[in-house]
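Working notes for the structure below.
A note on names: the letters A, B, ... follow the listed sequences, proteins ahead of strands, and every chain is numbered from 1.
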2 protein chains.
Amino acid sequence: MQITSYTDYALRVLMFIAKSPTGQTTITEIADFFNISRNHLVKVVHQLGSKGFVKTTRGKGGGLALQRPPEMINIGDVVRSMENHFNWVECFDPAQQHCRLLPNCGLKHLFARAGNAYLDVLDSATLADVLLGITTIDLNPQIP
Amino acid sequence: MQITSYTDYALRVLMFIAKSPTGQTTITEIADFFNISRNHLVKVVHQLGSKGFVKTTRGKGGGLALQRPPEMINIGDVVRSMENHFNWVECFDPAQQHCRLLPNCGLKHLFARAGNAYLDVLDSATLADVLLGITTIDLNPQIP
DNA sequence: GTATAAGATGTATTTATTATACACCTATAA
DNA sequence: TTATAGGTGTATAATAAATACATCTTATAC
């Protein structure tokens, strides 16, 4: 039970931008810092852009910045925007309605409550909250 | 974000046994009912046995029964016993401690709280609770 | 005491999802 | 007009999960 690295990277991107001195950075810089696939990050960043979390600018001197201050970026929103489903059990998926315990099985309701409890906690925090313990980021590229 | 079918099947097995008229059934009967892989179920059932949820008996006339009444079987316990990890984000995995935001990143703590909230809900219910809406099970094998 | 029916075990294969790589496109500033 | 930035689509690789298969062990019935 784990979020995808796609979602994980999205959160790291936001944290990195928020902590970078100028508030402006590039995909390459982030990929080098975390030592992760630049190609994968491109897609993460693009989606963060289309969901309104970051502002991307192409061309020379371009890069990334937050669209809103960290206090206004909710972690639950980010996770919901990046993770592609929350079908906690099979029967949540509209395409998989063949379990013979349907429709009266109490599991579905229980897992719905559990999933909501999970997301409620994420909804209770902003980007600013998860940055609290981090003072500065050492921008030297990662030595593998 | 979904539990594995391995865990899903485990829960269904317990529900099926609890609702079967004699309280005794076989792997083949369960696999036929849910129209799922018998081979996979064998492993699920074996683990349910080794974790103390079901009593398995080999040989002719053997099969499965619950080791405890449904009121004494906690859903959170079952999920914890079947799901093989709850590394909500990468840094929960002791083998993956290379994220450069460690150790002061607030995400870890936040996801720990979210994961606990999720499991707390599952811990609040027993097998008896999730069976409440189910009156009887039609034991006729599934027509695919 | 042997045939049958049940679960147990280990390995191999298939499938699905996720992550990564690659090639090329578009935009923009110096 | 070139260098640098993100955007897009497709292909491949890696991983995890599910399934299949073969064989073993145990227990009961006859």
Side-chain angles (χ1 to χ4, degrees), chain A residues 1-10 12-13 16-17 20 22 24-32 34-51 53-65 67 82-87 89-90 93 95-96 98-99 144, chain B residues 1-10 12-13 17 20 22 24-32 34-51 53-67 82-87 89-90 93 95-96 144:
Chain A
M1 192 73 89
Q2 185 171 359
I3 62 170
T4 59
S5 75
Y6 191 80
T7 301
D8 190 346
Y9 292 173
R12 295 194 208 178
V13 164
F16 186 90
I17 302 174
S20 57
T22 64
Q24 173 88 10
T25 182
T26 67
I27 293 178
T28 301
E29 195 173 21
I30 302 175
D32 287 348
F34 289 111
N35 199 31
I36 59 185
S37 159
R38 185 184 177 283
N39 298 292
H40 201 201
L41 253 197
V42 165
K43 292 168 190 191
V44 170
V45 164
H46 177 59
Q47 189 162 339
L48 280 172
S50 74
K51 298 284 184 174
F53 297 109
V54 303
K55 177 175 40 193
T56 61
T57 45
R58 292 180 172 193
K60 200 165 184 177
L64 315 172
Q67 277 204 10
M82 305 304 291
E83 205 66 16
N84 58 33
H85 72 85
F86 292 94
N87 296 334
V89 285
E90 186 189 271
D93 182 354
Q96 302 285 329
H98 52 254
C99 175
Chain B
M1 192 73 89
Q2 185 171 359
I3 63 170
T4 59
S5 74
Y6 192 80
T7 301
D8 191 347
Y9 292 172
R12 296 195 208 178
V13 164
I17 302 174
S20 57
T22 63
Q24 173 87 12
T25 184
T26 66
I27 292 177
T28 301
E29 195 173 20
I30 303 174
D32 287 348
F34 288 111
N35 198 32
I36 58 185
S37 159
R38 186 184 176 283
N39 298 292
H40 202 202
L41 252 197
V42 165
K43 292 168 193 196
V44 170
V45 165
H46 178 59
Q47 188 162 339
L48 280 172
S50 73
K51 297 284 184 176
F53 296 108
V54 303
K55 176 172 45 193
T56 62
T57 44
R58 292 179 171 193
K60 199 164 183 174
L64 316 174
L66 297 180
Q67 276 203 10
M82 306 304 291
E83 203 69 13
N84 59 31
H85 72 84
F86 291 94
N87 296 334
V89 282
E90 186 190 89
D93 182 353
Q96 302 285 330

Who pairs with [X] by side chain to side chain donor-acceptor pair (under 3.5 Å), at least two apart in sequence or on another chain?
X: Q47(B); value: Y6(B)
X: R38(B); value: T28(B)
X: T25(B); value: E29(B)

| message | Can you work out whether N84(A) or T25(B) has the more 5'-proximal nearest nucleotide on DNA chain C? | response | T25(B)
| query | Which residue, G62(B) or S37(A), contacts DNA chain C at a nucleotide closer to its 5' end, judged by nearest heavy atom? | reply |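 The 5'-side residue here is G62(B).
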| task | Walk along DNA chain C from 5' to 3' and tell me the first and last nucleotide with an atom closer than 4.0 Å to a non-hydrogen atom of chain B. | result | dT4(C) to dT11(C)
Does a side-chain N or O from [X] land closer than 4.0 Å to OP1 or OP2 of [N], or not?
X: H46(A); N: dG6(D); answer: no
X: H40(B); N: dA17(D); answer: no
X: R38(A); N: dG6(D); answer: yes

Test side-chain contact (heavy atoms from CB on, under 4.5 Å) applied to [X] - qualifying residues, sequence neighbours left out:
X: K55(B); answer: A65(B), Q67(B)
X: T57(B); answer: Q24(B)
X: I36(A); answer: Y9(A), F34(A), L41(A)
X: N39(B); answer: S37(B)

| Can you name the closest pair of heavy atoms from M82(A) and T7(A) and give their distance? | CB-OG1, 3.5 Å
| task | Give the minimum heavy-atom separation between I17(A) and V54(A), together with the two atoms involved. | result | CD1-CG1, 3.8 Å
Using atom [atom1] of [X] as one end and atom [atom2] of [N] as the other, report the distance to the nearest whole Å.
X: I27(A); N: dG7(D); atom1: CD1; atom2: C1'; result: 9 Å
X: K55(A); N: dG6(D); atom1: NZ; atom2: C1'; result: 15 Å
X: M82(B); N: dA18(D); atom1: CE; atom2: P; result: 11 Å
X: F34(B); N: dA18(D); atom1: CZ; atom2: C1'; result: 17 Å
X: E90(A); N: dA18(D); atom1: CD; atom2: C1'; result: 12 Å

| remark: Letter by letter from the 5' end, nucleotides 22-30 of chain D scores (B base, S sugar-phosphate only, - none; protein heavy atoms under 4.0 Å) ---BBBBS-
Using a cutoff of under 3.5 Å, can you pull out all pairs of nitrogen or oxygen atoms linking the protein to nucleotides 12-16 of chain D, with atom names and distances?
none

| field | Nearest-0.5 Å distance that lies between atom CD in Q96(B) and atom CD in Q2(A) | value |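 Going from CD on Q96(B) over to CD on Q2(A), the span is 8.5 Å.
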| field | pair I30(A)-L64(A): side-chain heavy atoms closer than 4.5 Å | value |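 SC-SC contact between I30(A) and L64(A) confirmed.
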| said: Can you work out whether Y9(B) or T26(A) has the more 5'-proximal nearest nucleotide on DNA chain D? | reply: T26(A)
| request: Would you mind telling me which residue lines up with the more 5' stretch of DNA chain D, I3(B) or G63(A), judged by nearest nucleotide? | output: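 Its nearest nucleotide being more 5', the pick is G63(A).
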| task | Can you sort out the partners of F53(A) under ring-ring contact (aromatic ring centres under 6.0 Å, His included), two or more places apart, ordered by chain and number? | result | none
